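Remarks on the structure that follows.
The structure presented is a predicted model; accordingly, all values stated were derived computationally and were not measured. Counting convention: from 1, in listed order, for ligands and their atoms alike.
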Amino acid sequence: MAFKVLALGGDGIGPEVVEASLKVLEVAAQSIGLAVDLSQDLLHGACWEKYGTFIRPKTLEKARNADALLVGAAGGPRWDHIVIDGGPEEQDGLMKLRHELDVFACIRHARAWDALIERTPFKPARVRGADVVVMRELCGGAMFTQSRGVESKADGSRRAYDLNEYGSDEIARFARVGLEVARRRKGRVVSVDKSNVFIAGKLWREMVEDVAKSEFSDVELTHLFADNAAYQLCCQPATFDVILPGKGSVQGTAIYEPVHGSAPDIAGQGIANPVGMILSMAMMLEYSAGAKECAKKIELAVDAALNAGFATKDIGGTHGTVEMTDAIILHFQSL
Ligand code: NAI
Ligand code: MG
């Protein structure tokens, strides 16, 4: 059966980087004989302009039936002020997708590329070798709570709140994914919380500890308070493996997207850096299509293209989105 991909470019540079990743996907899938059944649709602002909604029911249906989603970016000054009745998931097409598909675990991979090491804000000696996965919980906590609002008080002042709440099951299922990811990597997890201050943080630490002890005795777990974790990550990034902040093979439909936004300041200029999106697509091949070798080859091709001097403007180069993408494809084919 073909591997079903739903690609949603979204807004700003989103469609540009998604197009780049699809170009690489075509070559990569062909190289391993993977049949891809690709469909594309509009998301958020782009969807609002055409249909007056951030995501159509039809698109949600397609998403539920897909093996994986590729998403560019959602949002922009044209739509950021629009307020829809309902919870946080109604305000944003991407949040709606995460909510509907119950995509609660975000796996964010960051590494220090040798070719770019002099251009990072860090001292090269400190950052060299850094290869970190930062997990992010996507369906709970303050960012996604339904307990939110603004209240007007009798004295005319206002009070706004977003409740930082976590259920023990929510924490456990998220911890499980992080520990599983670590098991496939270097086997080390740093769980980050503010259990010295927050009650939700205490439950966080307790549940992560429980799951690790009972199901992942082979993974090394340590705990850090959030402020110290940020400090240690700056001082010795290369010592981290997986970070599980409280704030496996992927089961169900997963969404693959780069960390950046829609970059309205450079949209349409052909200069967006496609690497984040291309590596997100590679993660899709690894986690959702079971093609780990092929994903690794894409990462090596990015490394090779960077080492050969290809770079977009944001990372100190002069190459455009298409040139960068084609360089990655060329290196992929010669590996
Ligand atoms: P942003 O990530 O879009 O841009 C920040 C800066 O980084 C800009 O100068 C931009 O040109 C640059 N940049 C970002 N991605 C780049 C790329 N691939 N290549 C080259 N340069 C790149 O963040 P910003 O400006 O805070 O948000 C813009 C819009 O994007 C907002 O509407 C925001 O809500 C939305 N957004 C969406 C996200 C998502 O879809 N997951 C995540 C973050 C923001
Ligand atoms: Mg993102």
Have a look at ligand 1 and work out which part of [X], if any, has a heavy atom under 4.0 Å from it: side chain, backbone, both or neither.
| X | answer |
| --- | --- |
| I13 | side chain |
| M277 | neither |
| D11 | neither |
| N273 | both |
| P264 | side chain |
| L94 | side chain |

Donor on one side chain, acceptor on other, W113 and T120, under 3.5 Å
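Their side chains do not contain a donor-acceptor pair, so the 3.5 Å distance test is not met.
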Show the atoms of ligand 1 that are less than 4.0 angstrom away from any heavy atom in [X].
| X | result |
| --- | --- |
| A272 | 19 (N) |
| E257 | 41 (N) |
| G76 | 32 (O) |
| G75 | 32 (O) |
| D80 | 31 (C), 32 (O), 34 (O) |

Any donor-acceptor N/O pair, Q269 side chain to D265 backbone, under 3.5 Å:
yes
Nearest to [atom] by heavy atom, [options]: which?
| atom | options | value |
| --- | --- | --- |
| atom 37 (C) of ligand 1 | P77, A73, A74, P258 | A74 |
| atom 9 (O) of ligand 1 | D314, I255, D265, V71 | D265 |
| atom 43 (C) of ligand 1 | P274, G261, A20 | G261 |
| atom 30 (O) of ligand 1 | G93, S262, G12 | S262 |

So which residues get pulled into V197's cluster when ILVMFWY side chains under 4.5 Å apart are joined, directly or through others?
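Cluster partners of V197: F198.
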Does the pair [X]/[Y] count as a salt bridge with the N-to-O cut at 4.0 Å?
| X | Y | result |
| --- | --- | --- |
| E257 | R108 | no |
| K194 | D227 | yes |
| R176 | E215 | yes |
| K96 | E89 | no |
| E220 | K186 | no |

N/O donor-acceptor pairs under 3.5 Å from side chains in residues 62-72, not counting sequence neighbours:
| residue | atom | partner | partner atom | Å |
| --- | --- | --- | --- | --- |
| K62 | NZ | D41 | OD2 | 3.1 |
| R64 | NH1 | E100 | OE1 | 3.0 |
| N65 | ND2 | E61 | O | 3.2 |
| N65 | ND2 | E61 | OE2 | 3.4 |
| D67 | OD2 | K4 | N | 2.7 |

side-chain contact (heavy atoms from CB on, under 4.5 Å) with H109: which of D131, V181, V134, L279?
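Checked D131, V181, V134, L279 against H109; only one passes side-chain contact (heavy atoms from CB on, under 4.5 Å): D131.
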Nitrogen or oxygen atoms of H260 and ligand 1 under 3.5 Å apart
yes
Hey, does A263 come in under 3.5 Å of ligand 1, counting only N/O atoms on both sides?
yes
Does some non-hydrogen atom of G276 fall short of 4.0 Å from ligand 1?
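Outside the 4.0 Å threshold, so no.
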So which of R111, K296, K297 actually passes salt bridge (Lys or Arg N to Asp or Glu O under 4.0 Å) with D303?
R111
